[in-house]
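Right, one structure below, let's go through it.
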Amino acid sequence: MSTHGDGDDRRPCSGLWNTPMVYVNGDVTTCCLDQHLDNCLGNITELTFEAIWNGPTNHSWRIAHALDRYDESGPYCGGCNWRSAGAMPHDKVIAYLEHTGETEVLERYKRRWKLGPQ
């Protein structure tokens, strides 16, 4: 399992939050670089976009990114040139973790990035 990225500074990818891609056939993926739909989350002809984008699969991938477990967030993320999509800002990751009640992950994230009181 890979953990931290280049120079130990890889942060969660903004694609998991900000750049859903919906292909003409209705498949939804997390990334514009995912041309072969390796990280396909579902299809909007079968589920609503909301159910797909905020569903359990993408949530688990977001948590994996917050924990530096990129290989656990779909087949595409582990080998990604993550700098292409950009990093999710810390405050947005923290807000997501607070909103979803991921308190343990939140504390680990803050410790890893030395955010807030130590």
Side-chain angles (χ1 to χ4, degrees):
M1 170 176 63
S2 74
T3 55
H4 305 297
D6 293 342
D8 207 36
D9 63 349
R10 182 174 180 180
R11 294 202 330 248
C13 177
S14 64
L16 294 173
W17 282 270
N18 297 329
T19 59
M21 297 300 297
V22 181
Y23 284 73
V24 295
N25 68 351
D27 284 338
V28 178
T29 185
T30 58
C31 180
C32 64
L33 300 174
D34 184 14
Q35 298 173 13
H36 301 288
L37 294 167
D38 293 321
N39 273 18
C40 185
L41 294 167
N43 189 290
I44 60 172
T45 65
E46 299 167 7
L47 293 168
T48 66
F49 174 78
E50 175 77 19
I52 294 168
W53 192 244
N54 294 315
T57 300
N58 205 23
H59 174 72
S60 70
W61 291 355
R62 290 170 178 163
I63 297 305
H65 274 228
L67 295 171
D68 293 319
R69 295 179 180 162
Y70 302 101
D71 286 344
E72 296 175 22
S73 55
Y76 194 76
C77 295
C80 177
N81 170 12
W82 61 275
R83 294 181 195 280
S84 298
M88 190 68 171
H90 290 305
D91 62 325
K92 305 271 186 183
V93 175
I94 289 169
Y96 178 79
L97 296 173
E98 288 173 343
H99 175 74
T100 57
E102 296 286 349
T103 54
E104 183 179 322
V105 176
L106 174 62
E107 293 310 312
R108 289 178 66 182
Y109 186 83
K110 286 181 173 180
R111 275 194 310 274
R112 187 260 190 269
W113 292 103
K114 298 174 179 58
L115 302 170
Q118 299 297 307

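Count residues from 1 along the sequence. As the structure is a computational prediction, the values presented were derived from the model and not from experiment.
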**Report entry** Tyr109/His65 under ring-ring contact (aromatic ring centres under 6.0 Å, His included): CA gap, chis, key distance, verdict
**Finding:** CA-CA 10 Å; Tyr109 186 83; His65 274 228; over 10 Å; no
Query - Asn25 backbone acceptor or donor facing Asn43 side chain under 3.5 Å - result: yes
Query raised in the report: Any donor and acceptor pair, going by atom type alone, linking the side chain of Asp34 with main-chain N or O of Asn39 inside 3.5 Å?
Result: yes
Query raised in the report: Quick check: does any side chain N or O of Tyr96 sit under 3.5 Å from a backbone N or O of Trp17, one acting as donor and the other as acceptor?
Result: no
Query raised in the report: Taking all atoms of both residues into account, what is the closest heavy-atom pair of Leu47 and Ala51, and its distance?
Result: CB-CB, 4.4 Å
Query raised in the report: About how many Å separate CD of Glu72 and CD1 of Ile63, when rounded to the nearest 0.5 Å?
Result: 12.0 Å
Query raised in the report: Which atom pair, heavy atoms only, marks the closest approach of Gly78 to Asp71?
Result: CA-OD1, 2.8 Å
Query raised in the report: How are the rings of Trp113 and His90 set to each other: parallel, tilted or perpendicular (split at 30° and 60°)?
Result: tilted
Query raised in the report: Can you tell me if CD on Glu104 sees more than 12 non-hydrogen neighbours from other groups inside 6.0 Å?
Result: no
Query - side chain to side chain contact (heavy atoms under 4.5 Å, CB included) evaluation trace for Leu106 with Val93 - result: CA-CA 9 Å; Leu106 174 62; Val93 175; over 6 Å; no
Query - Tyr76 versus Cys31, closest heavy-atom pair with distance - result: CE2-SG, 4.2 Å
Query raised in the report: Do the side chains of Asn58 and Ile52 get nearer than 4.5 Å, heavy atoms only?
Result: no
**Report entry** Hydrophobic cluster identity match, Tyr70 and Leu33, side-chain contacts under 4.5 Å
**Finding:** no
Query raised in the report: Can Trp61 be reached from Leu37 by stepping across I, L, V, M, F, W or Y side chains whose heavy atoms are under 4.5 Å apart?
Result: no
Query - Atom of Met88, atom of Arg11 and distance for their closest heavy-atom approach - result: O-NH2, 3.2 Å
**Report entry** Considering all heavy atoms, the nearest Trp53-Thr19 contact
**Finding:** CH2-C, 4.2 Å
Query raised in the report: Hey, is the main chain of Leu16 close enough, under 3.5 Å, to the side chain of Arg62 for a donor-acceptor pair?
Result: yes
Query raised in the report: Would Leu41 and Tyr23 show up in the same hydrophobic cluster when neighbours are defined by side-chain heavy atoms closer than 4.5 Å?
Result: no
Requested in this report: Heavy atoms only: give me the nearest Arg10-Cys77 pair and the separation to one decimal.
Outcome: NH2-O, 3.1 Å
